[in-house]
Amino acid sequence: MLGSSAQSRPAWTAAPLPPAVEPGAPATHDWTFEAAEREVALLGADAPPVKAWTYTPEPFPVLRVRRGDRVRARLVNRLSEHVSIHWHGLRIPNAMDGVQYLTQPPVQPGGSFTYAFSPPDPGTFFFHPHCNESGQVGRGLAGILVVEGDERRKPDRELVVAVKDWRLGPDGRFLDFVTPEGASRAGTFGTLRSANGRRSVTETVPAGADLRVRLLNLDATRVMEIGIDGAEAAIIAVDGHAIAPVALDERGLETWRMGPAMRLDLLVRTPKPGGTARISDYFSAEPWTVATLTATGKPVRKAPLDPAILTRPVFPEPDLAGAERLAYTFTAASDSIASYAEAIGEDSVRRVLMDSLCVRDRTFWAINKLSWPNAADPRLPPPMAMLAAGRTYRLELVNATPHPHPIHLHGHVFRVLTSSIGGKPVYAADTVLLSPKERVEIAFVAAPGDWMFHCHILEHLETGMMGYFRVV
Ligand code: C2O
Ligand code: CU
């Protein structure tokens with residue numbers, strides 16, 4: 001990213017993406033996930049193993065399907081508390097969305113549940129449970145789902161990099177995942193940074209080749225500022241959805257900010273033989289190397305980098321002319337209104353009672369002055385708004401706090417239309433990072449169901465910054 005002289009904009013930045021290719025006959029994938037405690041060498045081979053929670057024998061499995069394939073995923077719970085699988089970013093039927101109490105009963109210890117769906121969008125996605133997320137994802141309960149079918153030209157290599165911090169003491173035991181100081185501010189940070197369950201990723205790659213990097217921020221708290229040095233690269237997709245490529249250097253954007261749950265796909269032209277490129281997080285003064293790529297062999301390609309390898313996304317484009325407008329402000333919890341029950345009235349409050357894995361005993365945050373229920377009143381609240389299926393909604397999101405919040409809407413892909421800060425290309429996402437004081441507008445076509453809408457800093461959603469829309 002630290003370029004010497006200013007170069008002109010590459011020719012490929014303006015070219016429109018070609019239309020998607022219709023998928024062929026769908027394949028069927030039958031998976032079994034056993035959520036269980038397993039010993040993992042997170043601190044290295046010589047250090048004590050860590051008792052992690054994972055869905056599969058290895059942490060962070062990377063599962064691959066093609067767009068339109070049929071997935072049947074059986075979840076078996078071998079843990080001591082209830083779990084689920086939420087398929088983050090996937091536009092699948094609401095009953096498969098994996099939110100305990102809202103879209104399905106919790107999968108209790110010893111119990112099971114089978115998710116069946118066809119991913120409609122290609123891209124880089126992941127999955128995780130939806131109650132006690134700070135504790136369950138904090139111990140490792142998550143996986144990666146790559147949905148193929150968006151490439152019109154195959155890159156020479158692909159690399160998946162999932163970043164996550166661990167809150168571990170030197171003895172290999174987990175520290176408290178939630179602290180009041182963290183939960184009420186920017187979050188409780190890990191003590192050990194990792195990429196793909198290691199200290200960082202080091203890969204030997206073919207020289208002069210096109211490498212697709214699928215980068216995922218699976219941390220509970222951390223905001224990263226991703227850049228690259230030692231290689232030419234372009235951003236080709238955001239949250240899995242292709243964009244007109246943007247150079248990741250001084251000709252385009254030098255870095256891209258990724259909050260928890262956000263993904264970024266890069267096309268990297270690997271260095272000359274013997275050369276090294278580094279993908280780093282430049283958020284703090286001391287950059288952290290996410291991945292080191294060392295090139296070997298004869299250069300694969302001679303022609304200059306052309307990162308336009310993806311086809312156009314297929315999610316429904318919002319109809320802005322007919323859009324209904326809604327506005328949401330994210331704040332610290334107000335003292336005047338304690339809960340939905342008081343604000344909306346006892347009669348409209350649903351009677352479902354949630355347990356301590358889905359509510360916390362403290363509340364710090366609110367959306368439009370309402371906070372997700374806490375232990376004092378653990379009833380599933382009514383929706384934030386009733387929406388009409390098929391209609392376009394244009395939401396104004398305002399961050400009235402001094403902290404960043406990655407705001408996620410389940411089951412939809414939204415266009416990010418405007419930002420009071422600006423400087424971003426045209427893109428679509430399922431999670432948008434609101435910087436302190438930032439105002440952003442998003443738009444989406446509503447799909448039927450009850451869809452969660454929350455900050456993806458896990459302590460924030462657990463302490464109030466969460467609600468849901470009912471689309472009928
Ligand atoms: Cu990854 Cu409710 O979200
Ligand atoms: Cu937040």
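Residues: numbered from 1 along the sequence shown. Every number for a ligand or one of its atoms is a count from 1 in the order of the listing.
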Tell me which N, O or S atom from His88 is the closest to atom 1 (Cu) of ligand 1.
ND1
Flag for Asp239-Tyr427: side-chain donor and acceptor within less than 3.5 Å
no
Three-point angle His460:ND1, the Cu ion (ligand 2), His405:ND1, rounded to the nearest 10°:
100°
With a 3.5 Å cut-off and no angle check, do the side chains of Thr431 and His88 form a donor-acceptor pair?
yes
Under a 3.5 Å cutoff, is there a donor and acceptor pairing between the side chains of Thr124 and Arg214?
yes
Below 2.8 Å, can you find an N, O or S atom of His403 next to the Cu ion (ligand 2)?
no
The atom of His128 among N, O or S that is nearest atom 1 (Cu) of ligand 1 is NE2
Could you check Trp365, Phe330, Phe364 and say which one makes a ring-ring contact (aromatic ring centres under 6.0 Å, His included) with His460?
Trp365
Pick from Arg139, Glu81, Gln100: which one makes a side-chain hydrogen bond (donor to acceptor under 3.5 Å, both in side chains) with Asn132?
Glu81
Taking N, O or S atoms only and a limit of 2.8 Å, check whether His456 reaches atom 2 (Cu) of ligand 1.
no
Do any of the N, O or S atoms of His456 sit under 2.8 Å from the Cu ion (ligand 2)?
no
Atom 2 (Cu) of ligand 1 reached by His454 (N, O or S, under 2.8 Å):
yes
Please state whether the separation between atom 2 (Cu) of ligand 1 and some N/O/S atom of His130 is under 2.8 Å?
yes
